[in-house]
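All remarks here apply to the structure that follows.
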Amino acid sequence: MHRRLIAPGALATASLMLAIPASAAGFSPGAPGIGDPYYPAYGNGGYDVSHYDLRLKYQPQTDELEGTATLLARTTQDLSRFDLDFLLDVSEVRINGSKASFTTSGEHELEITPKSPLAKGTSVTVVVRYRGVPSSKQAYGFTSWHRTPDGGVGANEPEAAWWWFPSNDHPLDKATYDVSVQVPDGSQAISNGTLQSTSSRLGWTRWNWRSDKPQATYLATLAVGKFDITTGTTDGGIPVVNAYSKDLGANYGAARASVERTGEIADWLSEYFGPYPFDALGGYVPNTTTGYALETQTRPFYSPRQFANGSNTSVVVHELAHQWYGDLVSVRGWKDIWVNEGFARYAQWLWSEHEGEGTAQELADYVYASHPADDAFWTVKPGDPGPENQFDIAVYDRGALALQALRNEIGDEAFFAVLKGWPQKFAYGNASVDDFQRYAEEVSGRPLAALFDTWLFQPSKPGAPAARGASIAKAGEAAGASVQPKSWKKIAATNDVHAD
């Protein structure tokens with residue numbers, strides 16, 4: 001998923017280089033970035049968050065959001081000051097019950113100075129009171145809050161949290177969530193996890209959601225509007241909650257015909273990836289003008305445009321595959337995006353096999369043959385594409401092609417053992433492309449450095465000898481000569497998952 005070609009690093013890099021004096025001897029400010037070279041100002045240093053409690057009130061007519069966020073964290077250094085990533089207007093911050101001073105800096109930094117410095121290893125409770133109109137806020141020239149005719153939606157990658165709650169916004173700092181949202185009667189509030197309860201009073205209804213497994217900040221979502229909500233249970237026993245905006249128009253039927261198959265598809269994916277890792281499941285389709293879909297944990301976001309040409313189970317497969325590859329195991333750094341997107345695209349290839357519309361091998365052959373050597377497609381390195389190409393189509397299609405090359409190299413038994421074992425090895429944590437290579441070598445007993453380098457890190461089309469060596473059968477054919485699998489158009493129709 002995603003859409004943006006600019007990388008908001010230039011201004012941030014300068015801010016990270018500023019020398020900031022410590023407020024006490026031996027104590028120093030936490031870094032205003034977690035250390036990701038793709039996005040230097042994303043996330044923060046000096047602490048780890050374990051839980052977010054968000055108590056919110058949202059008015060759909062005006063897009064006004066007010067809230068109290070309580071963060072439970074632990075310091076990882078002797079800390080004189082620290083940052084949160086946030087854009088709305090803050091009225092008060094308290095640290096362990098005492099008022100703290102605060103200011104803003106850069107494009108999206110909230111700088112907080114506690115009354116007394118915090119020693120390394122200290123448990124910290126941070127309370128932030130705030131309000132604002134999310135759709136009025138931009139950072140780096142864009143917004144991740146989507147205004148809808150009947151409300152608003154927070155969903156984007158690699159950043160969405162800043163527009164509705166203060167956070168340590170990087171996948172390295174995963175946490176559990178309680179999200180309680182008060183909305184006018186007749187509107188619904190959709191978020192991640194399980195719906196704990198609803199209650200109504202004086203014209204307002206409060207929706208209480210809980211995510212009790214670690215979740216990256218970009219995977220947290222909020223949608224308020226007028227929805228048709230369906231519920232059910234998968235064959236595996238997981239409760240399913242789906243929501244569809246009442247004003248999807250002609251796209252309503254196709255959206256519902258697709259997303260209602262969520263439970264079936266999740267059960268099918270568990271055969272390849274292992275048991276479904278969370279206690280809730282579903283999806284939602286708000287009436288947004290965006291084009292992309294997003295793997296928001298337990299409850300993926302789909303734009304209506306995904307269903308403009310009819311039902312689209314392939315995009316549902318893609319976003320549900322991310323529940324294992326992206327959500328259960330998250331990237332260590334944003335350069336590791338292949339371990340999200342290459343695998344979600346490969347799941348679509350496996351679904352094509354399941355539906356009898358073309359094998360993964362046929363799809364790999366087609367991708368290889370349909371891009372000539374001088375196509376810019378091959379200049380993108382899925383193993384480290386750079387922030388400007390993080391969501392390029394090559395990360396998806398060339399990324400899936402690399403997986404088919406791996407499958408042919410190590411054989412089906414080892415390959416599918418890797419697919420199922422990887423999410424368990426790094427469950428609820430983070431991992432990198434290098435971690436995946438080492439794991440594949442461990443399971444298969446084969447050296448794979450050359451294969452990974454050829455298919456993931458060389459900015460050129462693998463030559464015919466390499467393709468033949470990886471059993472890419474159509475390697476010698478001219479561009480376009482390979483027969484297009486029946487599923488190709490359905491898979492290509494999901495390419496808006498990474499475009500506005």
Evaluate side-chain hydrogen bond (donor to acceptor under 3.5 Å, both in side chains) for N192 paired with S211, printing each intermediate quantity in order.
-> CA-CA 6 Å; N192 313 81; S211 296; 4.8 Å; no

Verify the ring-centre separation between [Y] and [X]: is it less than 6.0 angstrom?
| X | Y | answer |
| --- | --- | --- |
| Y272 | Y346 | no |
| F273 | W324 | yes |
| Y130 | F165 | no |
| Y140 | H108 | yes |
| F86 | W163 | no |
| Y244 | Y284 | no |

Evaluate the side-chain contact (heavy atoms from CB on, under 4.5 Å) criterion for residues L71 and Y52: first the C-alpha distance (whole Å), next the side-chain angles of each, then the deciding distance (0.1 Å), finally the verdict.
-> CA-CA 5 Å; L71 285 65; Y52 292 90; 3.6 Å; yes

Could you grab the distance from atom [atom1] of [X] to atom [atom2] of [Y], nearest 0.5 Å is fine?
| X | Y | atom1 | atom2 | result |
| --- | --- | --- | --- | --- |
| S245 | Y252 | OG | OH | 9.5 Å |
| T288 | R305 | OG1 | CZ | 8.0 Å |
| L320 | E295 | CG | CD | 10.5 Å |
| W422 | L328 | CH2 | CG | 10.5 Å |
| Y325 | S330 | OH | OG | 13.0 Å |
| I190 | N242 | CD1 | CG | 9.5 Å |

Do you see a donor-acceptor pair shorter than 3.5 Å between the side chains of [X] and [Y]?
| X | Y | answer |
| --- | --- | --- |
| T205 | S200 | yes |
| S180 | R206 | yes |
| T176 | D212 | no |
| H322 | E341 | yes |
| D365 | Q404 | no |

Decide side-chain contact (heavy atoms from CB on, under 4.5 Å) for S487 and L363; before the verdict, give the C-alpha distance in whole Å, the side-chain angles of both, and the deciding distance to 0.1 Å.
-> CA-CA 9 Å; S487 63; L363 286 157; 3.8 Å; yes

Which class fits the ring pair [X] and [Y]: parallel under 30°, tilted 30 to 60°, perpendicular over 60°?
| X | Y | value |
| --- | --- | --- |
| W334 | H170 | perpendicular |
| Y276 | F278 | perpendicular |
| F452 | F436 | tilted |
| H371 | F377 | parallel |
| Y42 | Y39 | parallel |

Does the side chain of E362 come within less than 4.5 Å of V483's, by heavy atoms?
-> no

Side chain proximity check, D173 to T217, heavy atoms < 4.5 angstrom | no

Candidate list D397, V395, L403, test side-chain contact (heavy atoms from CB on, under 4.5 Å), partner R345, passing option | D397

Looking at residues at least two apart in the chain, or sitting in another chain, which of them share a ring-ring contact (aromatic ring centres under 6.0 Å, His included) with F227?
-> none

Please check if atom CG in D375 has more than 12 non-hydrogen atoms from other residues, nucleotides or ligands closer than 6.0 Å.
-> yes

Using 4.0 Å as the upper bound for N to carboxylate O, is an ion pair formed by D48 and R74?
-> no

Could you walk me through whether Y177 and D53 pass the side-chain hydrogen bond (donor to acceptor under 3.5 Å, both in side chains) check?
-> CA-CA 6 Å; Y177 285 75; D53 182 273; over 6 Å; no

Between F307 and V315, is a side-chain contact (heavy atoms from CB on, under 4.5 Å) present by the stated rule, with each step listed?
-> CA-CA 9 Å; F307 311 104; V315 73; 4.1 Å; yes

For F457 and V433, run side-chain contact (heavy atoms from CB on, under 4.5 Å): C-alpha distance rounded to whole Å, both residues' side-chain angles, the deciding distance at 0.1 Å, then the answer.
-> CA-CA 11 Å; F457 292 101; V433 176; 3.9 Å; yes

